[in-house]
Structures are given as structure tokens and as C-alpha cells.
2 protein chains.
Amino acid sequence: MTIKHTISATALRTIPMFQGIEADRLELIARCAGLRRVSRGTTVVQAGDLIDNVYFVLNGSLKVLVSDEDGREVILTMLGHGDVFGEMGVVDTEPRSATVTAVASSDLIVIAQADFRKILADNFEICLRIMCSLANRLRAADRKIESLALMDVYGRVARLLLDMAETRDGRSVVRRKISKQDIAKMIGASREMVSRVMKDLQSRGLLEETDEGLVLRDSIASL
Amino acid sequence: MTIKHTISATALRTIPMFQGIEADRLELIARCAGLRRVSRGTTVVQAGDLIDNVYFVLNGSLKVLVSDEDGREVILTMLGHGDVFGEMGVVDTEPRSATVTAVASSDLIVIAQADFRKILADNFEICLRIMCSLANRLRAADRKIESLALMDVYGRVARLLLDMAETRDGRSVVRRKISKQDIAKMIGASREMVSRVMKDLQSRGLLEETDEGLVLRDSIASL
DNA sequence: TTTCAAGCGTGATATGGGTCACATATACTC
DNA sequence: GAGTATATGTGACCCATATCACGCTTGAAA
């Protein structure tokens with residue numbers, strides 16, 4: 001595991017969590033922070049591990065997943081620039097509840113748990129932002145529970161695509177490249193079913209594959 | 001809506017969140033707190049509402065639920081003594097994401113959002129505990145996602161019962177009274193299916209209805 | 001180039017579990 | 001105690017989806 005101890009306050013500032021924090025405080029934080037680069041496929045933390053560090057994603061992409069004894073997986077979230085993980089271990093002593101794996105090579109800021117706890121104690125603003133991030137993840141998780149319990153695979157695919165889309169000159173477009181395998185794991189469906197559903201959505205004109213990414217028609221929202 | 005402004009620091013102290021807080025600070029907190037009694041069926045907060053208050057459950061029982069446009073419901077969690085809700089509104093400005101309804105008459109401590117934000121700023125300990133509670137709820141939500149995505153109704157019923165059980169002279173027993181309707185809504189299944197599954201579990205001796213409550217046999221865990 | 005691993009498309013088949021349709025039961029209100 | 005809602009058992013039906021079993025593509029490694 002390669003950790004360089006050369007995080008500048010400037011690098012920290014690219015993370016929303018640390019924006020607007022006074023320069024001298026940020027300097028102190030930077031001093032506890034390391035950089036870790038991971039390549040595609042690397043597992044950063046494993047479910048069941050004891051908690052060690054808090055991580056901030058500088059760039060790249062990672063998936064948070066749990067799997068059962070037969071190896072079937074569910075992807076709980078995808079993480080990208082600005083996201084935090086491992087912060088739950090700072091406030092209690094439970095082991096990691098999920099595995100985090102890089103789906104593309106990524107740069108992570110690493111801060112030891114104990115250091116981060118001090119940072120929280122000294123920076124109420126960061127405390128609030130961590131709470132805010134937890135609250136948002138909880139809302140997202142609740143929405144996922146809702147969709148698993150109430151919607152069929154069509155609806156779940158549609159919702160996922162809409163959630164991943166950004167507005168690009170008036171159209172909703174999913175830029176991020178994601179495999180159907182992984183879509184399936186994110187919505188609790190089989191890979192085959194996702195294939196069939198997406199093919200059908202394309203033939204109905206609700207979805208179009210361009211080199212820009214997946215373009216969604218508005219009416220996909222009503223599925 | 002009946003709110004009495006007569007919360008004593010002693011009442012606050014029954015809530016784990018406030019245990020171990022110094023008496024004078026607790027006194028200040030008590031001064032912003034009101035008491036609200038709600039009877040069975042009362043909806044305390046409604047999804048979509050703007051956030052107003054933070055609530056702590058003194059006693060009773062409430063359910064947190066979301067429903068879709070056809071009125072089909074999912075119960076996200078049950079709340080009981082010591083639980084908090086509405087705290088997510090303190091850190092951001094999203095409207096309420098779920099509805100909270102009393103399933104038995106309950107007493108709630110009510111604190112206005114703005115007051116609670118000040119309390120957080122002055123009490124790092126409470127800040128940490130709120131984070132801890134958010135983290136635990138997130139873990140529980142993730143577990144629920146996992147079970148919805150990977151387990152069948154048998155497994156989900158079994159897991160729910162085990163989660164609700166307490167150990168009572170060597171046996172796992174579910175004391176809390178809960179309707180099969182609500183079990184169904186908690187695990188994303190139909191009421192009928194829950195009936196059938198539980199009947200089957202009883203006939204296989206994995207589950208027994210006594211006046212103590214539902215007694216679970218250990219082997220139910222392997223479903 | 002060959003090769004190996006991952007991802008993908010698609011048909012056929014089986015089934016878990018939702019939905020409908022009742023009959024019963026239990027409880028709460030007046 | 002009558003009357004009205006709310007929870008429950010149970011059978012029949014059938015449909016949305018998982019699963020299996022292929023063969024095809026693509027991309028990276030060797």
C-alpha cells in the first residue's frame with residue numbers, strides 16, 4: 001500500500017468537505033493526511049475489517065458493496081470526487097460493514113481515524129458537513145429501499161439512470177461509463193434482465209446510446 | 001397539537017443521547033424542549049413537509065414510512081424509547097423524506113431545529129452521538145438493501161424476527177407486538193405471503209407463539 | 001497475433017411470490 | 001350489543017424475473 005505524505009492544503013481544498021475552512025486549520029489537517037493511489041480492482045477496505053482510516057476521494061471511482069456467502073453482490077453506492085468513506089468508524093467501534101473497491105484507478109486522501117476525531121473536535125463546521133453527508137447517504141439508502149420494495153425492474157433501471165444523469169444542453173445524459181453487470185448489482189436484478197429492459201427502452205425511444213453517453217427521454221421518469 | 005413546555009433535565013436524562021451531559025448544560029437544553037403526546041395513528045411529520053423540529057422518543061412506538069402514488073407503503077424503521085428523528089433537517093434544508101406515524105400513543109420531546117443547532121455547536125459530545133445514530137441507521141438501511149436484493153421472503157422474515165428479538169432466559173423472543181401487515185411492509189412482501197411463511201415456520205417448529213411473545217429457534221437464522 | 005478474461009444478447013424454462021377473492025376473526029365506537 | 005373498521009387465513013391463478021445455457025464481442029495481456 002503506497003501512501004505518500006505529501007498532501008497540500010490546496011489538494012484538500014478541492015474536496016467540498018474542506019472548502020471554506022481557514023487556511024491555518026487546513027494546514028494542520030493536511031499534516032495528518034496521506035495520499036494513496038489505487039488501481040482498478042484494488043480493494044481499499046474489506047467488510048469485517050477493523051476500522052483504521054478515513055478516506056476522501058480525490059478522483060477516480062469506487063464501489064461500495066456487500067456480498068453474501070455464495071458471492072452474490074449488491075452495490076450500495078458508487079463513490080467519486082469529493083466523497084468520504086470510513087467516517088462511520090470514527091464515531092463508533094463497529095467493524096466495516098461493506099467492502100470498497102476501485103472500479104478505476106483513483107487517488108485517495110487518507111487520514112487516521114484518531115487524527116480525524118481530533119479534527120472533528122476542533123472544527124464544528126466539518127462536523128456538520130460529515131453529518132450532512134451521512135444524512136444524504138441515509139436518504140439515498142432509504143430511497144433505494146423504497147424502490148426495491150415497490151418498483152419493478154423497469155422502474156428501478158429508469159430511476160437509477162435518472163439519478164446518474166446530468167443535464168447536458170437540455171437533455172439528461174448519463175456520461176459515466178457503467179457496465180450492465182454493475183447496474184444489475186445496484187438495483188438488485190439479474191444482468192440478463194437489465195439487458196432486456198434496456199434494449200426494450202431503446203426500442204421504445206426512451207433511451208439512446210450516443211458517444212456522449214446514454215441520453216434519456218423525459219418520459220422515462222414515468223416508468 | 002399539544003406541546004407542554006415542562007421538560008425537566010431529569011426527563012432528558014432518560015434518553016441515552018443526553019446521558020453523561022453535565023447538569024447545567026442539560027438544564028439549558030431542557031429550557032428549549034417541549035413535550036408532545038400523540039395518540040395511536042397520529043402522523044407527527046409528513047414526507048415533503050419543511051423541517052421544523054427535532055424529536056426524541058420518550059416512550060411509545062412510531063413507524064417511519066414512505067409510500068408511492070398508489071398508496072403502497074414501506075416501513076423504513078420503527079422508533080422507540082431513546083430514538084431521534086428530524087435531526088437530518090438540522091444539517092441541511094431538504095424537506096422531510098419520510099412520514100412518521102405513532103403506532104401506539106407516545107411521548108415525544110420536541111426541540112426547534114434552530115435551538116438544536118445551537119445545542120450541537122455547544123456540545124461536541126452530542127454532536128458525536130448524533131453522528132453515531134446516523135451511522136447506525138445507515139448501517140441498518142444498508143443491511144435492509146442487502147436483504148431485499150439477495151434474500152427471499154423466508155430469509156427476510158427470519159432476519160427481521162431475529163433483529164427484533166431479545167434474549168430471554170436463553171431463548172430469542174420477540175416481545176413487541178407487531179401486525180403481519182406491518183411485517184410485510186417492513187420487508188417488502190405481501191401480507192398474504194408473510195402469513196403463509198410464518199405458518200410454515202411454526203409448523204416446522206422454528207417459531208412458536210406463546211403469551212411471552214414469538215419464540216424463535218436458533219436454526220431459524222440459517223434461512 | 002494468439003489467448004484469456006469480462007462483458008453482453010437472447011431464447012427457453014421454471015418458479016417465487018404478487019394479486020384477487022373470499023370467509024373469519026378481533027377490536028373499537030356509539 | 002350492534003355495527004363498522006381493521007387484521008387474518010387460505011386457495012387459485014398467473015406473471016415478472018431468476019436461472020440456465022448458449023455463442024458472440026471486446027479489450028487487455030502475453
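The figures that follow rest on heavy atoms only: side chains count, while hydrogens, waters and symmetry mates do not. Here is how names work: the chains are called A, B, and so on, in the same order as the sequence lines, proteins then strands, and each is numbered from 1.
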Exactly one of V100(A), V74(A), T101(A) should register a side chain to side chain contact (heavy atoms under 4.5 Å, CB included) with V64(A). Which one does? V100(A)
In the structure I gave you, are the side-chain heavy atoms of E94(B) and M88(B) within less than 4.5 Å of one another anywhere? no
Under the salt bridge (Lys or Arg N to Asp or Glu O under 4.0 Å) rule, what pairs show up with a residue in residues 54-65 of chain B, not counting sequence neighbours? K63(B)-D182(B)
In terms of heavy-atom contacts, does CZ of R40(B) have more than 12 from other residues, nucleotides or ligands at under 6.0 Å? no
Is D200(A) paired with R204(A) through a side-chain N to carboxylate O contact shorter than 4.0 Å? yes
Using whole Å, report how far CD of E209(B) lies from P of dT8(D). 10 Å
Contact list please: residues 72-79 of chain A against DNA chain D, heavy atoms, distance less than 4.0 Å, in numerical order. R72(A)
Provide the closest heavy-atom pair for G86(B) versus V54(B) in the form atom of the first, atom of the second, distance. O-CG2, 3.8 Å
Under 4.0 Å, heavy atom to any atom of DNA chain D: which of residues 146-160 of chain B qualify? none
Should Q202(A) and E208(A) be marked as a side chain to side chain donor-acceptor pair (under 3.5 Å) after you check the CA-CA gap, both sets of side-chain angles, and the distance that decides it? CA-CA 6 Å; Q202(A) 287 192 40; E208(A) 197 183 348; over 6 Å; no
Would you call E87(A)-R137(A) a salt bridge at under 4.0 Å N-O? yes
Evaluate the side-chain contact (heavy atoms from CB on, under 4.5 Å) criterion for residues R36(B) and V44(B): first the C-alpha distance (whole Å), next the side-chain angles of each, then the deciding distance (0.1 Å), finally the verdict. CA-CA 10 Å; R36(B) 177 165 173 200; V44(B) 182; 3.8 Å; yes
Ordered by number, residues from residues 173-182 of chain A within less than 4.0 Å of DNA chain C (heavy atoms) are S179(A), K180(A), Q181(A)
D92(B)/R139(A) ion pair, N-O < 4.0 Å: yes
For F56(A), check ring-ring contact (aromatic ring centres under 6.0 Å, His included) against everything at least two apart and list the hits. F18(A), F116(A)
Would you call D107(A)-R37(A) a salt bridge at under 4.0 Å N-O? yes
Please compare G188(A) and R40(B) by the position of their nearest nucleotide in DNA chain D and report the one closer to 5'. R40(B)
Output the rounded distance in Å from CD1 (I183(B)) to P (dG9(D)). 10 Å
Can S105(A) and S39(A) be said to form a side chain to side chain donor-acceptor pair (under 3.5 Å), step by step? CA-CA 4 Å; S105(A) 37; S39(A) 53; over 6 Å; no
Sorted by number, the residues of residues 189-205 of chain A with heavy-atom contact under 4.0 Å to DNA chain C: R191(A), E192(A), S195(A), R196(A), K199(A)
